[in-house]
Amino acid sequence: MNYAHVEDIITTLRGELPPEVTLVAVSKFHPIEAIEAAVRGGQEVFGESRAQELAQKHAALPHLKWHFIGHLQSNKVRAVVPCVSLIHSVDSVALLHTIDKEAAKIGRVVDVLLQLHVAQETTKFGLTCDECVALADSGVLATLGNVKVRGVMGMATNTDDSAEIAAEFKKIRSVFDTLKSSFYPSDDSFSVVSMGMSHDYRIAIDCGSNMVRIGTTIFGEREY
Ligand SMILES: *Cc1c(COP(=O)(O)O)cnc(C)c1O
């Protein structure tokens, strides 16, 4: 891969995104040199989806902000927690408890997002909208001293139907608004709506996203 254009792409993207939208540069499957090129463009927040890859990149570049965006298995939580500034992909109460326990062991409070499943594909992970509201309503979140829920994350169906994509993003945004008004009305740190990837981030922003996770547009196609 040639990462010569990464710096310019970051600059262009930043110019296009509204100032309140956080850009997470999704660097999974791309090497350190790609990340360094993005850093030269002023990028500081990176997203990874595999625990081991995150740990290696965090060890090499510990001053950057690392977000975990992939499906998180309980047995990987211990490796991920010391490396991350935000986990986007919390999809169960059990996972919340595991993150809380591991964060307590190292004396941290870990910021997380609740992942919602609104897409048509069953391959995607996440809580249904009802499960998410029920989780907030259960009061369990307030009992976790080492986890701070900062908002929600979600993915739309991988389709060319932009009306379908927009409908799904609006659903995610509406769950955020419900949680905000019901449970976090005076908590300014409950503020994150993470949605939008390379092919749909413009739609996501129109539908109320304030954090986009963009990989391919910045770094090119991944070689798995
Ligand atoms: C890989 C990934 C992205 C980035 O996708 P691109 O299409 O390359 O922009 C965003 N979010 C999640 C959860 C991902 O796994």
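All heavy atoms count here, side chains included; hydrogens, waters and symmetry mates do not. Whatever order the structure lists them in is the order used to number ligands and atoms, beginning at 1. The structure displayed is predicted, hence computed values, not measured ones.
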*asked:* Within ligand 1, which atoms have a heavy atom of I214 less than 4.0 Å away?
replied: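 Those qualifying, in numeric order: 9 (O).
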What atoms of ligand 1 come within less than 4.0 Å of a heavy atom belonging to G215?
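Listed by number with element, the hits are 4 (C), 6 (P), 8 (O), 9 (O).
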Distance to 0.1 Å, residue and atom name: give those for the protein heavy atom nearest to [atom].
| atom | result |
| --- | --- |
| atom 11 (N) of ligand 1 | R213 NE, 2.8 Å |
| atom 5 (O) of ligand 1 | M197 CE, 3.5 Å |
| atom 8 (O) of ligand 1 | T216 OG1, 2.6 Å |
| atom 2 (C) of ligand 1 | K28 NZ, 2.6 Å |

- Task: Just say parallel, tilted or perpendicular for the rings of Y3 and H30, cut-offs at 30° and 60°.
- Result: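 Y3 vs H30 ring planes: perpendicular.
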Logged contact type for H199 with ligand 1, heavy-atom cut-off 4.0 Å, is neither
### Query
Where does S198 meet ligand 1, judged by heavy-atom distances below 4.0 Å: at the side chain, the backbone, both, or neither?
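Both backbone and side chain.
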Review point. Does the pair F46 and L61 meet the rule for a side-chain contact (heavy atoms from CB on, under 4.5 Å), with working shown?
Key: CA-CA 11 Å; F46 292 87; L61 298 166; over 6 Å; no
| message | Looking at ligand 1, would I69 count as a contact under a 4.0 Å heavy-atom criterion? | response |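 Distance cut 4.0 Å: I69 passes for ligand 1.
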field: Any R222 heavy atom less than 4.0 Å to ligand 1
entry: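 The answer is yes: ligand 1 sits under 4.0 Å from a heavy atom of R222.
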Please indicate whether [X] has more than 12 foreign heavy atoms, meaning atoms of other residues, nucleotides or ligands, lying under 6.0 Å from its [atom1].
| X | atom1 | value |
| --- | --- | --- |
| D160 | CG | no |
| E20 | CD | yes |
| K170 | NZ | no |

* Do S27 and E48 have side-chain atoms, one donor and one acceptor, less than 3.5 Å apart? -> yes
### Query
In terms of side-chain geometry, is the basic nitrogen of D206 or R202 positioned less than 4.0 Å from the acidic oxygen of its partner?
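No, D206 and R202 are not salt-bridged.
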Applying side-chain contact (heavy atoms from CB on, under 4.5 Å) to M211 and L86, what does each step give before you reach the verdict? CA-CA 12 Å; M211 185 173 280; L86 183 64; 3.9 Å; yes
Legend entry - M155 N/O to ligand 1 N/O under 3.5 Å: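 No; every N/O pair is 3.5 Å or more apart.
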